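Values in this document were obtained by computation on a predicted structure and should not be read as measured data. The figures here come from the full heavy-atom set of this structure, side chains too, leaving out hydrogens, waters and symmetry mates. One-based numbering, in listed order, for ligands and for the atoms of each.
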Amino acid sequence: MERKDVIPELKCLEPGDHLCHFYTDPAERDEVAVTYFHLGLDRGEKILYRGKATTWRKILVALRREGHDVDSLLARGELSFFDSREAHPPGKPFDARAALEFLEGEAAQCAAEGWPALRVLGDMSWVVDRSGDWKEMARFEAEINRLPSAKSCIFLCQFGSGLLDPSFQLELLYTHPKVLVEKEVYDNVFYRPPGEYLGNMHSRSVLSHHLDNLKERKRALLQIDEAREFAEAIVDTVREPMLVLDAALRVVSANRSFYRTFRTMPEETEGRPVYELGERQWDIPALRRLLEEIIPLNSHFEGYPVEHEFAHLGKRVMLLNARRLIRRERGEDLILLAFEDVTDRQRAVEELRRREEYFQALVENAFDAVTVLDGEARHVYASPSVERVLGWRPEELLGRTPFEFMDPEELPAVLEAFMKGMEEPGTVHRVVHRWRGSDGTWRVVESLGSNLLHEPSIRGVVINCRDITRHRLAEERVHRLNRMFLSLGADFLANMETVIRACKEILEGDAAVYARLEEEKLALLTTLPGEEGFFFLQEGDRFAGHPLLSGSHPRPLVIREGAESPLEEDPLAKAHGYSLFLGQPVIFGERTKGALGVYYSGERPFSEEDLETLIILSRTLAVEEERLARERGLKEFIDVASHELRHPITLIKGFALSLKERNEMLSERQKLDLLTAIDQGADRLTRLVENLLDVSRIERGQLEPDLRPAELLPLIRHAVNEIRTAGKDVSLHLKANPGACLLDPDRFLEVVYILLENAVKFSPSDSPVDVEVEEREFEYMVSVTDRGIGIPEEERERIFDRFYQVEKARYHSKPGMGMGLYIAREIIERHGGRIWHEPREGGGSVFRFTIPR
Ligand code: ADP
C-alpha cells in the first residue's frame with residue numbers, strides 16, 4: 001500500500017529497537033502513530049496499542065482512510081488495544097513489574113501465533129499527572145531493554161515534551177537507545193544500558209562505557225570526513241563534467257573534468273549562475289525551468305539533450321542529468337548537474353543507422369531479387385525487385401514456400417539442391433528452374449541459395465534470383481546461328497536460302513525474304529513453299545522493304561498494318577495476309593545490295609536481341625554478296641587477262657612466223673619493222689607482267705618506293721617526250737618551277753605514264769592532251785587533261801579499285817586490265833600525296849595528283 005512518506009526515518013526500525021518519541025503537539029503524535037502502524041501492517045507484524053481510547057479511535061479512522069480493512073485486522077488480532085486507564089487505574093501506583101510481565105506475555109503469545117514481530121506503541125500521556133510514578137516509570141523503560149523478548153519487539157513510547165518535567169525527560173533520554181525528535185530518528189549517544197542505569201554497575205565500567213562513547217563519536221566524525229573526501233575524490237575523478245549549484249542556480253563547485261572539458265577556470269565559474277557560463281550555452285529557458293523545479297518539487301531529470309558548437313570542442317551533443325542534494329548539517333539544498341558527452345555515441349548510432357539503410361537500399365535496389373526463407377522454407381523477406389524478377393509482389397510471397405511456384409517436373413532437382421544447402425550451411429548452391437509469375441507466365445530463373453540459419457544477424461536461407469529467360473533465349477539463338485554458319489557451303493544460292501530459313505526460324509516469322517537488286521530490278525528469294533530460287537518482282541517499289549534499298553534507312557525497319565501502310569501494296573503481304581514486316585538492308589562496301597525481311601501474321605514486339613539477330617543475318621548475306629562479287633570479278637579478270645596476254649602473243653607469233661617463212665622475200669626494211677613489232681609486243685607483255693607483280697606487291701604491302709631527293713620536272717618532260725615520239729599531241733604547261741622533292745624517280749615516272757597512256761587511250765586519236773604543273777602551299781600538283789570519253793560520276797572513285805574498268809572498257813575496245821590507276825594511287829599515296837579524277841568542262845577527264853614539296 002502506497003503512502004506519502006511523512007516520516008521516512010521510521011522505515012528503518014527493526015525488531016530490537018526501543019524508541020522514545022518527544023512530541024510537541026498531539027497532531028504530531030497521531031501522525032507518527034499512524035505511520036508507525038501502517039509500516040508494521042505492511043510488514044505483517046502484530047500491533048499492540050496502549051493508550052487512550054479516543055486516540056485509538058482516531059488512529060483507526062486514519063488507517064481505514066488509508067485502505068486498511070481495520071475490522072478484519074481487529075478480528076484477527078493483528079491490531080489490539082489496551083486502555084492505559086484500565087492498566088494503570090488512577091488511584092493505584094504504577095507497577096513496573098506487572099507492566100513488564102504483560103509485555104513478556106504479549107510477546108510470547110505473538111511468537112506462538114507466528115507473527116514475525118510485535119510492534120508496540122505506548123502513549124504515555126497518562127504519566128503527566130503522576131509524578132510519583134516517574135522513578136518507577138524510568139526503571140520500567142530501562143528494564144524493557146533487557147527483556148528476553150525485546151529482540152522480537154519494536155517499542156515506541158510517546159511523551160508530550162511540553163508537559164513533563166525536564167529531569168524526568170532526561171531519565172527517559174538515558175533509558176531509550178533511540179530517540180525520535182521532530183520526525184527525525186537519532187541513535188541516542190546518551191543512552192545508558194540498563195545494568196549501568198539501574199545502579200548495580202561498577203563505576204570503572206561506567207567510565208569505560210563513556211570513554212567508548214567518546215571514541216565512538218570521534219570515529220564517527222572521522223568516518224564522515226573520510227566519506228566526504230571519498231565522495232569528493234570520486235566526483236573529481238569521474239570523466240563526466242559535474243557542477244554543484246545552489247538554489248539560485250549559481251555554481252558552488254565544479255569537478256576537474258568540468259574545467260578540463262570546457263577549458264575554464266574556477267574563477268570564471270564559481271559563484272556565477274550556470275546559464276551565464278561559457279558562451280551562455282546553458283541559457284536555455286526549458287533547461288532553466290527544469291533546474292528551478294528540482295529543489296521545490298524534489299524532482300530530478302536525466303538525459304536532457306543540449307546541442308552546441310563549443311569554442312574548443314566543436315559541435316557536441318551533451319545529455320544533462322540533475323538531482324537534488326541535501327546538505328543537512330548546513331540545512332541547504334543543492335543541485336548536482338552532470339554532463340554526459342554523447343556526440344561520439346550518437347555519431348556511432350547515426351553511422352550504424354546509415355550503414356543499415358545503405359545495406360537495406362543495396363538489397364532493395366539490387367538487380368537480383370533477394371528473398372530469405374526460414375527453417376521451414378517459408379519466405380520471411382522478399383526484396384522489392386521480386387516483382388520485376390519473379391512476377392509477384394513481395395507481400396504475396398511472405399509465408400509461402402518457393403516450391404509452390406515451380407514446375408513440378410523440376411522440383412526434385414530443386415529440392416535436392418535445397419537439401420544439400422541445408423546440410424552444408426554457408427555454402428552456395430545454384431539451380432536453374434522455371435518459375436510461374438502471378439499472371440501465369442513462366443520464366444527461367446537462376447537461383448543462388450546460401451543457408452545462413454546459423455548466422456545470428458540473418459537466421460535464414462538467403463536466395464538470390466535472376467531472370468535468365470532472355471539470356472537463355474539469346475544462348476539458344478547463338479546456337480542456332482552457329483549451326484547455320486556451320487552449314488554454309490560453297491554454293492551462293494544454297495547459302496542465301498539457308499540464311500533466310502534461319503531468319504524465319506530464329507525470329508519466329510511466318511516467312512522470310514531476301515530482296516536483291518539485280519541490274520535495277522528486284523529479285524526475291526523467299527522461304528515460301530513452291531517458290532524456290534530468285535524470281536523477279538514486276539513492280540519493285542511495292543515491296544514493303546523498298547525504303548531499305550535506297551540507302552536512306554540503314555537501321556532495321558518495322559512496318560505494321562494500318563491505313564496507308566506499305567503492307568497494303570506489298571504482294572507477299574497481300575497474298576498471305578501478313579500484318580507485320582521487319583527488315584534490314586544488306587550492305588557491303590558502301591552499296592546496298594538488297595534487303596532481308598521477315599513477315600508475321602500477328603502483332604509482336606521486337607527486342608534488341610531480335611534486331612541484333614536480323615543485323616547479323618543481313619551481314620551474312622552481305623558477306624555472301626561480297627564473295628559472289630569477288631568471284632565474278634576474278635572470273636572477269638581472268639577473261640580480261642587472258643585476252644590481254646593473248647593479244648601480244650598472237651602478234652609476236654604472227655610476226656615471227658612471217659620472218660621465218662618469208663625470210664627470203666622480205667626486204668631489210670620490212671624485216672626491221674617486223675622485229676620492232678615483236679620487240680614492242682614483248683615490251684607490252686613485260687609491262688603487263690610487271691603490273692601484275694606490282695598489284696601483288698601492293699596486296700602484300702610490299703610496294704615500297706625508294707624515296708630520295710629528285711627533280712620532278714625532267715621526269716615529266718621525259719614522259720611527255722616519249723608519248724610525243726609515238727605521234728601524240730601532248731603539251732606541257734608550267735605554272736611553277738618545281739625544285740627537288742623526295743621521290744622514287746622510276747615509280748613517279750610510272751604514274752605519269754599511266755595517266756598519259758590512259759588519256760591517249762580513252763580519247764580520239766587526234767585530240768590533244770595537256771599536262772600542267774602547279775605549285776601550291778605545301779605541294780606540287782600535276783594535272784593530265786584529255787578531251788576523251790570521260791568517266792561517269794558514280795564510277796569516279798571505283799576506277800581506282802583493283803582490276804576495275806568502266807563498263808564499256810570491258811568489251812575491250814581498249815586494251816587494259818584495270819590495274820593502272822590502282823597502282824598509281826598506291827604509289828602517290830606512298831609518296832604522301834593524293835590522286836583523284838575531275839570531269840573536264842566540255843567533255844573528257846582531268847586526273848590530278850599531288851607530291852609534297
Ligand atoms: P586500264 O588498264 O583498264 O586502263 P586503269 O586502272 O588505268 O586500267 O583504268 C581503269 C579504268 O578507268 C579504265 O578501264 C577506264 O574505264 C577508266 N579510265 C581511266 N582513264 C581514263 C580516261 N582518261 N578517260 C576515260 N576513262 C578512263
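Close approach to Ile789 involves these atoms of ligand 1, each under 4.0 Å from a residue heavy atom: 25 (C). Annotation for ligand 1: atoms under 4.0 Å from non-hydrogen atoms of Gly790 are 25 (C). The atoms of ligand 1 that sit less than 4.0 Å from any heavy atom of Met819 are 6 (O), 8 (O). Counting the atoms of ligand 1 from 1 in the order shown, those under 4.0 Å from a heavy atom of Lys761 are 1 (P), 2 (O), 4 (O). The distance from ligand 1 to the heavy atoms of Asn758 drops below 4.0 Å at these ligand atoms: 4 (O), 5 (P), 7 (O), 9 (O), 19 (C), 20 (N), 23 (N).
Judged purely by distance below 3.5 Å, without hydrogens or angles, the side chains of Glu625 and Tyr514 pair a donor atom with an acceptor atom. With 3.5 Å as the limit, one finds a donor-acceptor pair spanning the side chains of Arg700 and Ser696. A donor-acceptor contact closer than 3.5 angstrom is absent between the side chains of Ser783 and Glu772.
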| task | Kindly determine whether Tyr780 and Phe849 satisfy ring-ring contact (aromatic ring centres under 6.0 Å, His included), including the steps that lead there. | result | CA-CA 8 Å; Tyr780 294 109; Phe849 68 88; over 10 Å; no
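Residue-ligand proximity: Phe800 is placed with every non-hydrogen atom at 4.0 Å or more from ligand 1. Using a 4.0 Å heavy-atom cutoff, Ser845 is listed among the residues neighbouring ligand 1.
Ion pairing between a basic and an acidic side chain is recognised when a charged N comes within 4.0 Å of a carboxylate O; Lys728 and Asp786 show no such pairing.
Here the shortest heavy-atom distance to atom 27 (C) of ligand 1, taken over Phe803, Tyr822, Tyr804, Phe762, belongs to Phe762. Of the candidates Gln805, Arg802, Arg787, it is Gln805 that places a heavy atom closest to atom 14 (O) of ligand 1. Closest heavy-atom approach to atom 16 (O) of ligand 1 among the candidates Val846, Val640, Leu756, Val806: Val806.
Cation-pi geometry between Arg853 and Phe778 is not satisfied (NZ or CZ under 6.0 Å from the ring centre, within 45° of the ring normal).
For ligand 1, the polar-atom distance check finds no N/O of Phe847 at less than 3.5 Å from any of the ligand's N/O atoms. Considering both main-chain and side-chain atoms, Leu821 comes within under 3.5 Å of ligand 1 through a nitrogen or oxygen pair. Between Gly820 and ligand 1, an N or O atom pair is found at a separation short of 3.5 Å.
The main-chain N or O of Val730 is found under 3.5 Å from a side-chain atom of Arg724 such that the two form a donor-acceptor pair.
The aromatic ring centres of Phe748 and Tyr753 sit 6.0 Å or more apart.
Of the heavy atoms in Glu795, none comes closer than 4.0 Å to ligand 1.
Between His733 and Val773, every side-chain heavy-atom pair lies at or beyond the 4.5 Å cut-off.
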